[in-house]
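Reviewing the structure listed below.
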Amino acid sequence: MRTMKWSRSLWTLGGATFALFLAAGSASAGFQEISTERAGSIVVFPKIIYDGTRDTVIQLTNTGNPMAHAHCFYINAAPIFPSLPPSRTNPPQWTETDFDVWLTRQQPTHWVASRGRRPSFTNPDVDGFGKDGAGIDPGLVPPVQVGFTGELKCIQVGDDGGPMPSNKLKGEATLRRRDGDVSTYNAIAFQGNPDLSASQIGNDLSLDLTMNHPEGEYSACPDVLQFDHIAYGAPDPVIQQLGTCAKACTNNGNTCTLNSDCGGNGKCLGNCPVNTTLTLVPCQEDLENQRPGRVTVAFQIFNEFEQALSTSTTVECWMDSALNRINDSSSPQNGPFNFALLGTLTAYTRIHPNPGQGGVIGVAEETHIASNTPGAVNCNNPANATNPLCRNPTLVGANAAFALHTEGNRFDAATDGVGIGVDAGGVNHSLPGVTDHIIKPGE
Amino acid sequence: MGQLLAVRKGEHVMSTMTGTMRRTILSSVVGALIALGAVGAARAEVASDKPGAILVLPKIVIDTSGRLGPKTDTIVQVTNTSNSVIAARCFLVDATSQCSNRSATDPLNFCTAELAAQNKPFGQGGCPVGGACVPRWLERDFQMKLTKRQPVSWKVSDGLPTFPCDAIGGPAPCPPGQTNTGSNGSPSSVPPAGDVFFGEIKCIEVDPADFKPTIGFDPTNNAAGDLKGEATIVSVDAAGAVDARKYNGIGIQSTTINNRDDVLFLGGDPAVAEYNGCPNVLIMNHLFDDATVVTHGTTAPTSARVRTDLTVVPCSEDFNVQENNLGGAVLQFLVYNEFEQRFSTSTNFTCFREVPLSDIDTRPGPNGDPQSIFNVGVQGTLAGQTRIRPVAGQTLANAVLGIIEEFWTCTSGPNGRCSSATNLHFTGTPDKRDEVVLSTGLP
């Protein structure tokens, strides 16, 4: 026994030392991955909304001591016919409006999407002490029009407008509903390679910076996005205990006491659902030629019993969808994200792009509703299937945004989302890398 | 070897190797992959958007009776992101302050500095005359074993007495042989927390074979760790007003070495660091307290007033001797407004600190808030950037982790307040290490 333990210790020590030696001699320990908690050279706000009900407060900060200049792009992904749901015949507009901001040393700034920010020096109601416009104006920020749904992307540039990858920008966005509900998320920051000059990068920003490719330009997009969420429509356990959660049938929305009251395969559950909305944007975007990215992504959904379900969808330009409508099912109550199918309160979802395609980034938002929340609608009642509240659950209830977790990168470690390398069955899960590009308009 | 690297989707893989050999081989494989350039070396940073080997949830709140405000509870979600079975030793830290002149076992003995300063009655957050509101630090540990890709969730007030794959009364629909019971027969369970409760949860990834700390099991993230988690704080009132805010747990990634004892080294000397170091500086973008933000255009705008709370917990904690003899620090704050004007202040804390921004540099309670450097009444602009740096000790870095919560006036939330939670930004790593000492009560 002692001999075996000693041998195991040697194995462990030797293996660890070998790995540490290699790690020490490997590529630079600089930070290359995208992040929601570090400053970067490209910051992306995946969800900007001004639809008359919700508006967005944007905060952008220069975390460095030199002045920072950013070239920002609003990308409006609202459908061509805004009163109709997005579809193949009603695609996103994908129009971009760009503007510049200048930030002095460590300067934070803010603006509201619907109001923009105008330089003003003499109007005390605008930039008086404690007013909305107080502070060093970062520049002229245009307001967005009502109905805007899309993203904001800010790229750090130099005096000449060329890319400057010095990693000093960070941002946050707060989605505020007219009745006051708020939901905040951190912008996603792409690290730039500070050893590269603007002329070396040009206007075609390659997202190929990784630990193993330190000569790359900007962070590669993640290979896998992952997030935990409450199964769609599951009753909120806190509201069930502390609030009002009247029971209703999952198949017809009728009030009930027992499952047998519902008929068919309906279940009698508390009607205080937690609904999750997912927003995804492709990493690749051609802002000069107005060509949006298009990525087909696959979802693996695991419930608490380790059972897995799957589905897929295509993200074209911008996707903002309640989970139960991601696959555009004609019967969303039976979708793979739904509580009725998953059977457990919590689920874990992994999102990975199809082989050969670029990456996506995004943010998620949960909505918690009590059965007596003013304006609440029972979305399990088929009569409410076309109710706007059932297509967009963020309109009523309490919203809470949160960042998605990432794994790997699409440039040098692309996988099928299951593993890396060849498994025991001979299946190779590693895929050829993909380089995403952001093409900014030339100066 | 192939079994370690990849698992066919849906395939049930039983590892017959002991945990020791599996870890040894994995660390060597990771090292080899690093040399081959297939994956990068572990980063010297923590992240709230990537899994880790230590998971920190800094803010847990329970007030199911509504004694301090609206009825509130916290939903915790924890997931094993890898394709291997893992385990975790977790610590539920109760940092609820108590009145010094009342019995510690009195169920009404809870207080906060802010409510005590407002002379709230005993049982509603205040203390009887002559008593001081004193922070405390009590920990309860628990363990869990998670199967591949398994998420679990629980309401902190109830805990989770039975895990999904250990269903009482019959076999759970988990894959054959997959169980949440430890290898020594100890079931996974989460104890309920008391009411009222303020505190944190910290989970350390361990090998399910012996419940000793380990590097991660997933080579796709360089064995950095397999735990991810989120906390959702939900409040509700009888009228159906609901408020929810959600934040990501902070993951501290493992390095490639671990001596498997109960003293964990975070950062510091790379030759002995078992986990990445906590950040040197936390960066917080926020709106100054009492700022009035106007949204929804200019024709029919709506406004709200904002207040922000900061919650910090120490990276160093000693769970073995049941007292916080490692954590705590002096925190230095640099505050920048939108005029690039800079202010500074400092404060100290020992084990857990939740504080409204305006109370950092003034007395607890609303008196004095308008004179705080975190208040719009002093700063004159709405947005600010605050950099938080802990002062290092002689041997330990005294680093901290935390989140912020914003509270906006609103018509839809309980008590007229709507909230959001955000993870803080990080930068840098201190030279010294932090330490986490686990309790010796192995299962």
Side-chain angles (χ1 to χ4, degrees), chain A residues 8 11-12 15-16 18-19 22-23 26 36-37 55 59 61 104 106-110 112 114 129-130 134-135 170 172 176 179-184 211-212 228 237-239 242-243 302 304-306 345-346 348 368 370 372-373 398 400 402-403 405 408 418-421 423-425 427 429, chain B residues 2-3 5-6 8-9 20 24 27-28 30-31 34-35 37 40-41 48-49 71 73 77 79 147 149-151 153 155 164 173-174 220 228 230 234 236 240 242-246 256-257 285 294-297 302 336 338-340 376 380-381 383 385 408 410-412 418 420 422-423 425-426:
Chain A
R8 280 204 294 272
W11 266 97
T12 305
F18 178 62
L22 291 171
S26 71
T36 57
E37 63 224 343
D55 199 353
Q59 294 171 262
T61 295
T104 63
Q106 302 285 354
Q107 184 195 356
T109 193
H110 82 285
V112 179
S114 65
F129 191 86
K170 69 184 284 289
E172 295 79 17
R176 180 169 182 263
D179 62 4
D181 173 73
V182 289
S183 173
T184 303
M211 285 290 288
N212 299 308
D228 295 332
V238 176
I239 298 175
L242 304 180
F302 298 86
E304 296 180 40
F305 298 131
E306 202 194 316
L345 179 66
T346 281
Y348 163 57
H368 300 247
N372 63 340
T373 295
F402 57 102
H405 280 62
V418 176
I420 60 174
D423 66 17
V427 176
H429 297 280
Chain B
Q3 287 182 328
L5 294 177
R8 193 195 305 272
K9 174 181 172 181
T20 303
T24 304
S27 65
S28 301
V30 171
I34 292 170
S48 64
D49 52 11
K71 295 179 180 180
D73 206 341
Q77 296 165 279
T79 292
T147 65
R149 308 276 201 219
Q150 184 188 22
S153 68
K155 205 154 41 84
C174 297
T220 59
K228 71 182 285 290
E230 296 83 14
V234 182
V236 62
V242 177
D243 180 57
R245 52 194 186 274
K246 184 166 185 166
T256 52
I257 58 175
N285 259 38
V294 180
T295 62
H296 293 83
T302 173
Y336 295 87
E338 295 186 64
F339 284 115
E340 196 201 315
V376 70
T381 71
Q385 180 200 184
W408 295 55
C410 65
T411 58
S412 62
C418 296
S420 66
T422 319
N423 287 87
H425 281 62
F426 312 136

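Convention: sequence-line order gives letters A, B, ...; per-chain numbering from 1. These numbers were taken from a predicted model, which means no experiment stands behind them.
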Closest non-hydrogen atom pair, [X] against [Y]:
X	Y	answer
Gly180(A)	Ser412(B)	C-OG, 4.4 Å
Ser114(A)	Gly297(B)	OG-N, 2.7 Å
Phe305(A)	Pro164(B)	CE2-O, 3.5 Å
Asp181(A)	Cys410(B)	N-CB, 4.4 Å
Gln150(B)	Glu304(A)	NE2-O, 2.8 Å
Phe129(A)	Val376(B)	CE2-O, 3.6 Å

Atom pair NE2/OG1 of His429(A) and Thr220(B) - distance to nearest 0.5 Å: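 It is 11.5 Å, given to the nearest 0.5 Å.
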Approximate separation, where rounding is to 0.5 Å, of Thr109(A) OG1 and Asn285(B) CG: 10.5 Å
For Ser183(A), is it the side chain, the backbone, both or neither that has a heavy atom under 4.5 Å from a heavy atom of chain B?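 Only the backbone of Ser183(A) comes within 4.5 Å of chain B.
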Which atoms of Glu172(A) come close to chain B, meaning under 4.5 Å heavy atom to heavy atom: side chain ones, backbone ones, both, or neither? side chain
Side chain to side chain, Cys418(B) and Arg176(A), heavy atoms closer than 4.5 Å: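 No. Closest side-chain heavy atoms not under 4.5 Å.
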Just so I know, are the side chains of Val294(B) and Val112(A) near enough to count as touching, which here means a heavy-atom distance under 4.5 Å? no
Chain A heavy atoms under 4.5 Å from [X]: which part of the residue, side chain, backbone, both or neither?
X	value
Lys155(B)	side chain
Thr422(B)	side chain
Arg245(B)	backbone

Side chain to side chain donor-acceptor pair (under 3.5 Å) involving Lys246(B) - partner list, sequence neighbours excluded: Glu366(A), Gln77(B)
For Thr373(A), side chain to side chain donor-acceptor pair (under 3.5 Å) partners two or more places apart: none
Selection from Gly240(B), Pro151(B), Ser48(B), Ser153(B) maximising heavy-atom pairs under 4.5 Å formed with chain A: Pro151(B)
Pick from His296(B), Gln385(B), Lys71(B), Glu340(B) with the largest number of heavy-atom pairs that fall under 4.5 Å of chain A: His296(B)
With side chain to side chain contact (heavy atoms under 4.5 Å, CB included) as the test, would you mind laying out the steps for Thr36(A) and Asn423(B) before giving the verdict? CA-CA 9 Å; Thr36(A) 57; Asn423(B) 287 87; over 6 Å; no
Checked Lys170(A), Gln106(A), Glu37(A), Gln59(A) vs chain B; the most non-hydrogen pairs under 4.5 Å come from Glu37(A)
Heavy-atom pairs under 4.5 Å with chain B - which of Gly243(A), Ala370(A), Gly408(A), Ala398(A) has more of them than the others?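 Winner by heavy-atom pair count: Ala398(A).
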